[in-house]
Structure formats: C-alpha cells, structure tokens
Amino acid sequence: MCAIFGIHHPCIDGRKEDLETMGNILFHRGPDGEGYYNSSEISMGMRRLSILDIEGGNQPFFSQDGRVVVLCNGEIYNHKELRRELEAKGIVFTTNSDIEILPHLYHFYGPDFVKKLNGMFAISLWDDRKKRLFLYRDHIGIKPIYYYVGKDTLVYASEMKAIAALDRFEGELNISAASCFLDLGYIPNSASIFNSVERLEPGTYIIYDGNQTTKVNYWSLELEEGIDSKDINDLLSEIEPMIKESINMQCVCDVPLGSYLSGGVDSSLVTALSAIETKGVVQSFHLKWNNVEGKTDESQFANTVAENYNIDHHTFDSKDINILELLPKLVWHLDEPNGDAAFVPTYLLSKRASKDIKVILSGAGGDELYGGYSRYLPESRIKSFLKKIFFHKDVKNSYYDTMTGIYSRKWKRYFPWYNRDNVEKKSIDNLFKYALKIDRTNAKMLLDVRSYLVDNILFITDKMSSAASLECRVPLLDVRLVEHSMKIPSEQKIPNGQLKHLLKKIASKYVDPHIIYREKEGFGSPVWDWIDQYKISHFDKLIFSGYLVSEMGLVHLKDFNKAKMKKSDYWMYWRILVLEIWYRIYVKKIECDQIFDL
C-alpha cells in the first residue's frame, strides 16, 4: 500500500513545496519511504508502505528509455506471470517489485495495458514523450484516487485531504453529494463532497494533456441476458478453486499477514483458507462488543475458527472505545462525510492489527456477490405499495429508494437545500432499471457492487486501514470471481430464500456449520449507545450552535430533544453530527482536537 499524488501545471514555481505538503499529509499511508519525480510539466510523488521487495521496491519506476514514469498505490497480484511475459520480450528487471512491470507493459501494449492486470491499484503514469498524464483505478474500485481540474492544472491524490490542503484548490460544497449522504449515508459514483473534485470511477482511466481530460472506461460489470442455470455441484466446483487461487495470490507478501475475523461466514472462510495457505502463519483480529445493547458478542465464534486452525488470535475489547477522541480524527481520515459507523470498529481493529502485521485480509464482497442481505428477498406487493404511499419510496423500480431509510422524506424539513431527486440518484436508477429487465435480484446485487460496496464498504475499509498504516486486501473481490458471480442466476444464489447459499456450502467445508448457518450479525456500531452517553454533554452543544445551523440552514432541531428517540432518530442525528464535524474540519479548518475541546 502507498499514497500517490501529483500536480500537472506549466509553472514549476511552488510545485515542489505543494508536493511536499501533500506527501506530509499522506504520511500515514506510507511511513516506510517516499519517492518523487519532477519535470517542467509535472511533479509526482508517493509515500510507501513496504510490502514486497522491501529493499528494492522504491518508486518511481521507469521504462527502458526513461520516458515513461510510474507510481502506484496497491498490488498487482498476477505480476509474476506478466513479468515472465515481458522477460520473453527482452525486458531485464532489476527488482522483484510488482510495480516494476507497469512502465514496460505500457511500452508494449499502450494505455490499455491495464486490462491485463489482476489486482487492487491506483496508478499514475507520465508519458514524457507524448506529454500525457494517465490515472488508472482498478476494476472493482478497491483503491481510490481523487483529482481536481483547475485553470491549467490537474492535481491528484489517493486522499482528497491532500488536494484540499493546497492554496491552488478552490472548493465549493456539492449539494447533490451532500443530499446523497443524508439519504444513503455515503456519496455514490464519481461525485465527491466538493464540486471541483472527482473520484475516478472503477474500471476507468483518464488522460490529461495539459488542456483537456479524456475519460476511458476499460472494464464494466454488467448482467448478461440468457444465462442458463447450472448444476449446483458444477457451480461450486467453479467458485471454490477461484476463491482458493485468489487467497493464494493475495497471501504473497514479505511482511507479517493477518485477517479480520468477525466470526461471520465471509471472514471465517477467508481466515480458514489463508491459514491453510500459509500453514498457520496468519494472525486474526476480532472486536468484542461485550454487553452493548443491540450488539451480539460473536467472540466465541471467532475463537472457534482460530482454535481449529491454530491461529494466533487477538481480541480487542469495545469498552476501550473513546468516541469523543476518535470521532473527529476518523472523520478527518474519511475525507468525506460517511454515516456508516462501521468506520469506528474498522479503524480500531486496523490499529490493533498494525502492531503485529502490515497486511490484512478482509471478507468484504461475499454478501454482494452471492446474496447475503435480506433486501435480496422478495417483498410483498402490499409492503411495496405502503412504502410508496407513506414514505414516497419506489422500492420496486429505484435502487436508490431501497437504500434510503424511512426517515429520508424528513430531510427537507431540516435542510432547505436538500434535493432527493439529485443527479446521482438518476444515474444509479437508470442502470438499475436496465438491469431489472434481466434479473431483478441480481440487479440489486449488481448495484450493490457498483455503488454500496465501492462507495461505502471499500471506501471505509481503505480509509480506516490506511489510517493505521495497514494494507487491506479483499480476496473475494478478485475480478474473476466478481465477473463469474454475475453470470449465476439469482435463484441459484438464493434458492427458496436461503441467503448466500453457494458461499455457505463452500464455507461449511472449512468452518463449523453451526457458525456458518447461524443468524447474520452486521459489522455496524452502536451509535445509539454513544449518542445516549454524550448527546447532552457534547453532541447537542456542537450541533445546536454549529455551522450547519449558521451557514447551512439547519432548522427544527427541537425534534431531537426527546427523552427517548426512535431508531430512525438516532441515525438521522448521527448523520447530522458527522456532517457538522466534517464541516468544521474541512470547511472551517478547525483542528480535530478542538472539536470537543478535549
């Protein structure tokens, strides 16, 4: 894992200083080293977390003639195979780094060399001969990259905060994106919270020549029509070897390796198979919730998996959470407001794990690929009708509406600028309506992969693991597994209402079936508990006299002055709290430790 960042501008004055500023801000993503490249047109930099070829893997890497320069955040899992291919063409390598292959692939195959890669990556490539900058994002969207285009300028970085810190940056709040945050708890698609900053979409690269930006889509996940059912055993015999091969490839590193282990299906399967692959060298990490109301203690299930494979297992106790200290710091790391409080335990586990390891495996993706959420089950017509009448939600035809809470209709009461019919909603629902014609349930999974998974789960996973200087890999999201999953009819993923049937069949070969077939428990956080503890003493003061009131038009806060709030009230209050903290940090430039005056 690394951070990449750069500035393309015709004037070199100030570029070097700005690059150093960006590198310092992104130090947490790569504390092991740094690398820079400067020319008359561009300045490029990176921070390195050393994973492969510790001594020889320093970036940037160059083509044989020195005219192509590459910096990369992430890992190329099929680099050995591609290295052999390039060696057959006469390329002589000087390191064992997976990144060294990239400028040579570009030399032989041009900009579309990215189609040959299997990995998680954000790549910046400068072609000095053609004077063009290329920015690439991996197929699924595991690694992020932001970019800002101004007058004669393009600035890019692995995290938005490195762009927003520069004097040349001009930021204006994106009302459409802010509306999405209130509705969904995250910001979808290429939009960011600032109008002037975009997130490069998965499976996409851009070309910048100093005058204009061209966007190229090199890969896209779609549903295929006319897919026939297969024998269940044939499907299992296709999926299981792919999972094993993906874990095999992603266990390769020159540093200690671990796995998140919640005790659920996906993390238990990934942990078990990684223990087999590494012959027990892998470590595992679990957060125990104790007696928090509304949360289930799953530590016994995680312990069972670890004991069965003789894994060095670590449990972190939730009683050690100091939410007042953590929340401003984590909102800063997030870059953009996010309402999924799972970012708190993700960070805590990552921070604990980083004391012992540098690479961690996650089970992210299993639910979205193989049907693990209850929302994939059919909903009665009467229930859909009532949601449309009372909550103005068209869950039958709108993916966006299926992902919003019952309180979404209330946001206009609190924020006059709120716009439910925003451009991101229209974009998401257009794709959904097309996919619905092929397979309604798979359409939900497709949109989950392309929206909820990328822009919420992977967003949180990258930001929080990187905050702890830890590289997180997601073996269930190997591009081959993702493509294959969308070719399986939904009735075979969820036969007779059995959620995640295929993956559970595979997992039960390696993990106790009692663990695999128990009731699902999410990885969320007990925001109700934190709000009850600190609402009056800290949170109300921050919000009621805050900038959302004075500058963003927030009104009717008396609605939250209740002795007992409903579940929906808690989640609305949490999103308002996160947005207020974000606004103070990123718009008003208030330091994190001053938010609650700790």
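Worth saying up front: this structure is predicted, and the values here are computed from it rather than measured. Throughout, residue positions are numbered sequentially from 1 according to the sequence presented.
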Between Asn456 and Tyr452, is there a donor-acceptor pair closer than 3.5 Å when you use the side chain of the first and the backbone of the second?
no

I'd like to know if the side chain of Ser465 and the backbone of Glu471 have a donor-acceptor N/O pair within less than 3.5 Å.
no

Can you find a heavy atom in the side chain of Ile239 that is under 4.5 Å from one in the side chain of Leu481?
yes

Dump the intermediate steps for ring pair (Phe, Tyr, Trp, His ring centres under 6.0 Å) on Tyr136 and Phe113, then the final yes or no.
CA-CA 11 Å; Tyr136 296 86; Phe113 77 89; 5.1 Å; yes

Are Arg480 and Glu238 close enough for a salt bridge, meaning some N to O gap below 4.0 Å?
no

Please list, chain by chain and in numerical order, all residues satisfying salt bridge (charged side-chain N to carboxylate O under 4.0 Å, His left out) with Lys509, sequence neighbours excluded.
Glu240

Do any N or O atoms from the side chain of Arg137 and from the backbone of Ile145 form a donor-acceptor pair under 3.5 angstrom?
no

Asp455 side chain to Asn189 side chain, donor-acceptor N/O pair below 3.5 angstrom
no

How long is the straight-line distance from CD of Glu245 back to CG of Asn118, given to the nearest 0.5 Å?
8.5 Å

Write down the atom of Ile457, the atom of Tyr373, and the distance for their closest heavy-atom approach.
CD1-OH, 3.8 Å

The criterion is side-chain contact (heavy atoms from CB on, under 4.5 Å); which residues satisfy it with Lys80, sequence neighbours excluded?
Arg84

Leu458 versus Val454, closest heavy-atom pair with distance
CB-O, 3.7 Å

Taking the side chain as everything from C-beta on, heavy atoms only, tell me whether Glu336 gets closer than 4.5 Å to Met160.
yes

What pairs with Lys463 under side-chain contact (heavy atoms from CB on, under 4.5 Å), at least two apart in sequence or on another chain?
Tyr146, Glu159, Leu334, Asp335, Phe459

Parallel, tilted or perpendicular: which describes the rings of His313 and His286, with under 30° parallel and over 60° perpendicular?
tilted

I'd like to know whether the aromatic ring centres of Tyr370 and His501 sit less than 6.0 Å apart in this structure.
no

So, the side chain of Glu100 versus the backbone of Thr95: is there a donor-acceptor pair under 3.5 Å, distance only?
yes

Aromatic contact between Phe93 and His104, with the criterion being ring centroids under 6.0 Å apart: yes or no?
yes

Please collect all salt bridge (charged side-chain N to carboxylate O under 4.0 Å, His left out) contacts where either partner lies in residues 264-280, sequence neighbours excluded, each pair once.
Asp266-Lys500

Tell me if a side-chain donor or acceptor on Thr204 pairs with a main-chain N or O of Pro202 at a distance below 3.5 Å.
yes

Would you find a donor on one side and an acceptor on the other, under 3.5 Å apart, between the side chain of Asp254 and the backbone of Leu52?
no

What residues form a side-chain hydrogen bond (donor to acceptor under 3.5 Å, both in side chains) with Asp512, not counting sequence neighbours?
His514

Using atom types as modelled and distance alone, determine if a side-chain donor or acceptor of Ser259 lies under 3.5 Å from a backbone N or O of Leu261.
no

Counterpart residues, side-chain hydrogen bond (donor to acceptor under 3.5 Å, both in side chains), relative to Tyr36 (two or more places apart):
Glu34

Output all residues satisfying side-chain contact (heavy atoms from CB on, under 4.5 Å) with Asp356, sequence neighbours left out; order by chain, then residue number.
Gln283, Phe285, His314, Arg352

Stepwise side chain to side chain donor-acceptor pair (under 3.5 Å) test for Ser262 and Ser267:
CA-CA 6 Å; Ser262 69; Ser267 68; 3.1 Å; yes

Just jot down the ring pair (Phe, Tyr, Trp, His ring centres under 6.0 Å) partners of Trp530, sequence neighbours excluded, or say none.
Trp574

Compute the ring centroids of Phe134 and Tyr106, then answer whether they are less than 6.0 Å apart.
yes

Polar side-chain atom of Lys505 near backbone of Leu236 as donor-acceptor pair, under 3.5 Å
no

Do Tyr77 and Asp478 have a side chain donor and acceptor closer than 3.5 Å?
no

Do we get Arg199 above Tyr186's six-membered ring, with its NZ or CZ under 6.0 Å from the centre and within 45° of the axis?
no

If the condition is ring pair (Phe, Tyr, Trp, His ring centres under 6.0 Å), which residues does Phe316 pass it with, not counting sequence neighbours?
none

Donor-acceptor under 3.5 Å (Asn78 side chain, Glu81 main chain):
no

Side-chain H-bond candidate by donor/acceptor type, Tyr347 with Lys329, under 3.5 Å
yes

Checking Tyr517 now: which residues fulfil ring pair (Phe, Tyr, Trp, His ring centres under 6.0 Å) with it, not counting sequence neighbours?
none

Which atom names give the shortest non-hydrogen contact between Ile488 and Asn442, and what distance separates them?
O-ND2, 2.8 Å

Can you find a pair of side-chain heavy atoms, one from Asp367 and one from Tyr376, that are under 4.5 Å apart?
no

Residues at least two apart in sequence or cross-chain that pass side-chain contact (heavy atoms from CB on, under 4.5 Å) with Ser229, listed by chain then number, are Pro489, Glu491, Gln492

Donor-acceptor pair, side chain of Lys504 and main chain of Val265, under 3.5 angstrom:
no

Heavy-atom distance under 4.5 Å between the side chains of Trp289 and Ser525, does that happen here?
yes

Can you list everything that forms a salt bridge (charged side-chain N to carboxylate O under 4.0 Å, His left out) with Glu87? Sequence neighbours excluded, please.
none

Return yes if a side-chain donor-acceptor contact under 3.5 Å exists between Tyr260 and Ser350, otherwise no.
yes

